[in-house]
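First up is the structure itself, then whatever we jot down about it.
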Amino acid sequence: MPRVSSKAGGFTESVIREMSRLATATGAVNLGQGFPDFPCPPELKAAAVEALHADLNQYAITWGAKPLRDAIAAKTARTYPGWKVDPETEITVTCGATEGMIAAFLAILDPGDEVIIFEPFYENYGPDAMLTGALARYVTLREPDWSFDPDELRAAVTPRTRGIVVNSPHNPTGKVFDADELETIASLCRDHDLVAFTDDIYEHIVYTGRHIPLATLDGMRERTVAVNSMSKTYSVTGWRVGWVVAPRPLTAAIRKTHDFLTVGAAAPLQHAAAVALDLPDAYYEALVAGYRERRDALLPALENAGFRVYAPDGAYYVMTDIARVTHEDDTTFARRLVIDPGVAAVPGSSFYSEPALGRTKLRFAFPKRVATLAAAADRLRRLAAAPA
Ligand code: GLN
């Protein structure tokens, strides 16, 4: 029997994607994997169709079509005055933020290097580190406000530490890191010459507080790799168009790893992405208003069903505690919930290096039409009526 690599053997299949498959198989309302069930802006569709009709069928420049890189630089400067990015030397367009993060890890980290990750964490970062040969060190965010202990963070730094992953607004908790927390992280990066890998994909989905890109803090431009994507901001998770903003020497390395991993993201969709990035401010205001409405629809439904809810300040997930609803562990409960009453959610343990920390937790995603959330609420009511 041919064997598989120790790298591939070192991690399991994505639990998030598995829950989506189960939801499809059982006909459950899918609040597991975070993807919208509503249309993307019409401007994007029109631009993608136009690109196909114009026969934009061949490879774009490997690090991204120029109009898209120009649009990324312009939007970054417009959204965060003072953050100037050179589209010629500081941007790499990738196949989603997913490829952006692993291309950056592979470009910057060596086997044996250590990278700090706050947990709970979006499950990709663990395999990203393993595939790179880097060792992940976890620092726990603790409910109810998902704060971290600065001493614990400092203690996680060793002579081998090369980087830290910061995802704000945060998946799965909805935490929005505040200015003080970001400064604590930034000073650690400056003192220990660390690279910050920031996952900024929920930058426009903030209900309380505001998103401060780590790259905009003093001394951080030259040591931040900012990963972003079309997926969440423009409701096109399947397009797989993302980008990485990093200082020139890091970008030069990221462009090479990206090139040999994927060559490039879909050319016609890069054309459409450039159009999206030019949407007016009103688009982003409507986006967050829509998410606020969805959040405000789902949270009471979960509370009524008996879950303890940790209200998110940003992103489109809500972490819950299931201890009042069931004595089962998170995975057993999630597998039951997807069948009866038929709602898919993601077991909390899949967001922790130490599964015990997530055993009473479950994540619900709410990038869904209000009607979908209402259907989920109806089903969850059955749970409250018949506790296990
Ligand atoms: N970010 C989304 C989630 O956490 C989906 C990511 C994915 O499955 N590629 O559910």
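Whatever order the structure lists them in is the order used to number ligands and atoms, beginning at 1.
- Within 4.0 Å of ligand 1, the residues that place a heavy atom are Ile16, Arg17, Gln33, Gly34, Tyr122, Asn171, Tyr202, Lys232, Tyr317, Arg363, listed by chain and number.
- Panel note: side chain His211, backbone Val176; no donor-acceptor pair is recorded below 3.5 Å.
- For the atom pair Lys368 NZ and Leu31 CG, the distance stands at 7.0 Å (nearest 0.5 Å).
- Taking CE of Met220 as the start and OG1 of Thr198 as the end, the distance is 8.5 Å to the nearest 0.5 Å.
- Tested against Tyr138 for a ring-ring contact (aromatic ring centres under 6.0 Å, His included), the candidates Phe121, Phe148, Phe351 yield a single pass: Phe121.
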- Message: If you apply the rule ring-ring contact (aromatic ring centres under 6.0 Å, His included), what do you find for Tyr125 with Tyr122, and how did you get there?
- Response: CA-CA 6 Å; Tyr125 307 146; Tyr122 172 50; 5.8 Å; yes

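- The CZ atom of Arg142 lies 5.0 Å from the CD atom of Glu152; values are rounded to the nearest 0.5 Å.
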